[in-house]
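Quick notes on the structure that follows.
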Amino acid sequence: MWTEKAQAKINLTLDVLHKRPDGYHEVEMVMQTVDLSDHLTFTPVEQGEIVLSCTVPYIPLDSRNLVYQAAKLVKDTFGIKSGIRIHIDKRIPVAAGLAGGSSDAAATLRGLNQVWGLGQSLDQLAELGAKIGSDVPFCIYGGTAIARGRGEVITHLPKVAPTWVVLVKPPIAVSTADVYGRLDVAEIEKHPNTGAMVEALTTGDVRLISSHLGNVLEKVTFSMYPEVERLKSQLLKFGAVGALMSGSGPTVFALADKEHRATRIYNALRGFSREVYLCRFY
Ligand code: ATP
């Protein structure tokens with residue numbers, strides 16, 4: 001048996017540069033993993049099948065699950081005949097903008113690399129992961145990085161001080177494809193300054209980092225779900241140094257410079273929302 005953690009990610013910046021001829025958006029994002037994670041358990045079995053189980057009942061356990069897709073990809077790529085049972089202990093909110101599915105897929109690639117002794121480097125696993133989804137390569141490494149291209153071109157950044165984060169997910173599901181579909185790149189008023197964020201991260205100064213938070217998808221998601229914007233305002237009202245929506249939402253997060261401030265925001269938000277999490281950069 002082998003276990004692997006799949007960390008959630010937040011976007012400290014999310015910029016869309018243009019729409020590409022292949023239909024994808026060219027993005028530039030500063031990504032950060034946090035210590036909120038799904039736990040995956042791998043049990044090898046004789047027969048060749050892939051069998052999934054999950055603590056959340058409504059997540060599909062067939063080929064629609066990114067974990068299934070990752071396991072199938074590994075089996076096919078390396079000609080593995082034996083099978084695997086994978087249990088997903090789900091702690092990352094689903095369809096939240098936290099890349100839960102992509103991180104599970106990345107953890108599956110890392111886990112099966114160990115279980116089946118494939119000897120692949122993280123770079124090789126990231127290359128494989130890009131076939132499953134654009135966020136998977138970043139999730140292979142975790143930490144802090146810039147993601148460019150469709151999100152799959154990774155530039156690693158130095159480790160950042162373990163800043164406090166409060167995550168809050170309103171009870172709605174947002175489709176990433178829908179949000180990108182409604183984005184008009186020509187209408188973007190303010191692009192985040194990726195270079196300035198990278199600089200700020202080297203200082204570990206939460207105020208400076210907060211001043212460069214930016215996500216061009218906020219406007220789109222806020223117009224569809226005004227409650228997401230209200231939640232962001234609440235985080236700031238309760239003492240967040242900075243706040244931003246992650247990915248295409250609907251999760252918003254707050255940054256705090258001290259544990260007691262983060263705890264205060266966490267406790268205040270629990271009155272409004274069932275899904276609130278206190279965590280740190282990881
Ligand atoms: P992103 O930030 O990359 O847009 P997300 O956090 O918004 O991702 P996910 O939690 O990854 O969204 O899940 C989105 C959809 O993918 C769900 O509707 C779910 O049914 C499906 N899915 C497939 N595999 C998984 C998985 N292992 N965990 C969660 N959802 C999965």
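As the structure lists them, so they are numbered: ligands from 1, and atoms in each ligand from 1. Because the structure is predicted, anything quoted here is derived from the model rather than measured. Atom set for the values below is all heavy atoms of this structure, side chains included, hydrogens, waters and symmetry mates excluded.
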*What are the atoms of ligand 1, with element, lying closer than 4.0 Å to any heavy atom of Asp104?*
26 (C), 27 (N), 28 (N)
*Measure up the Tyr180 and His25 rings against each other and bin them: parallel (under 30°), tilted (30 to 60°), perpendicular (over 60°).*
tilted
_Would you say that Ile188 contacts Leu183 through its side chain, given a criterion of any heavy-atom pair below 4.5 Å between the two side chains?_
yes
*Looking only at protein heavy atoms, identify the closest one to atom 13 (O) of ligand 1 and say how far it is in Å.*
Ala95 N, 3.7 Å
*Is ligand 1 under 4.0 Å from a heavy atom in the side chain of Ile59, in the backbone, in both, or in neither?*
side chain
_Considering non-hydrogen atoms of the protein only, which is the closest contact for atom 7 (O) of ligand 1, and what is the distance?_
Gly97 N, 2.9 Å
*asked:* Counting only nitrogen or oxygen atoms and a 3.5 angstrom limit, does Leu98 reach ligand 1?
replied: yes
*Measure from the side-chain N and O atoms of Asn267 to the backbone N and O of Thr263, and report whether any donor-acceptor pair falls under 3.5 Å.*
yes
*What is the nearest protein non-hydrogen atom to atom 24 (N) of ligand 1, stated with its residue, atom name and distance?*
Leu66 N, 3.0 Å
*Ion pair present between Glu187 and Lys219, side-chain N to carboxylate O less than 4.0 angstrom?*
no
_Min side-chain heavy-atom separation Asp135-Met29 under 4.5 Å_ = yes
*asked:* Suppose we measure from atom 30 (N) of ligand 1 to each protein heavy atom; which comes out shortest, and what is that distance?
replied: Val94 CG1, 4.0 Å
*asked:* When you compare ligand 1 with Ala96, is there at least one nitrogen or oxygen pair between them that comes in under 3.5 angstrom?
replied: yes
*Checking side-chain contact (heavy atoms from CB on, under 4.5 Å) against Leu231, which of Pro226, Pro250, Pro170 comes through?*
Pro170
*Using a heavy-atom cut-off of under 4.0 Å, does the side chain or the backbone of Asp135 touch ligand 1, or both, or neither?*
side chain
*asked:* What protein heavy atom lies closest to atom 22 (N) of ligand 1? Include the residue and the distance to one decimal.
replied: Arg64 O, 4.5 Å
*asked:* Any protein heavy-atom neighbour for atom 20 (O) of ligand 1 (distance below 4.0 angstrom)?
replied: yes
*Would you check the N or O atoms of Ala99, main chain and side chain alike, for any that come under 3.5 Å of an N or O of ligand 1?*
yes
*At what distance is the nearest protein heavy atom to atom 25 (C) of ligand 1, and which residue and atom is it?*
Asn65 OD1, 3.7 Å
_Can you report which non-hydrogen protein atom sits closest to atom 4 (O) of ligand 1, along with the distance?_
Thr176 OG1, 2.8 Å
*Would you say Ser103's side chain and Gln7's backbone share a donor-acceptor pair under 3.5 angstrom?*
yes
*For atom 15 (C) of ligand 1, is the nearest protein heavy atom under 4.0 Å away?*
no
*Nearest-0.5 Å distance that lies between atom CG in Leu36 and atom CG in Leu98*: 7.0 Å
_For ligand 1, which is the ligand I care about here, please tell me if Ser248 has any N or O atom under 3.5 Å from one of the ligand's N or O atoms._
no
_Numbered atoms of ligand 1 (with element) below 4.0 Å of Gly100, judged on heavy atoms_ = 6 (O), 11 (O)
_With a 4.5 Å cut-off on side-chain heavy atoms, are Phe253 and Leu12 touching?_
yes
*Where does Pro60 meet ligand 1, judged by heavy-atom distances below 4.0 Å: at the side chain, the backbone, both, or neither?*
side chain
*Of the options Leu235, Leu213, Val166, which is the one that meets Leu255 in a side-chain contact (heavy atoms from CB on, under 4.5 Å)?*
Leu213
_What I want to know is whether Gly101 and ligand 1 share at least one N or O pair that is separated by under 3.5 angstrom._
yes
*atom 28 (N) of ligand 1 [closest protein heavy-atom partner, distance rounded to 0.1 Å]*: Lys90 NZ, 3.1 Å
*asked:* Do Ile146 and Met197 make a side-chain contact, defined as non-hydrogen atoms from C-beta onward lying under 4.5 Å apart?
replied: no
*His212 and Pro192, any side-chain heavy atoms less than 4.5 Å apart*: no
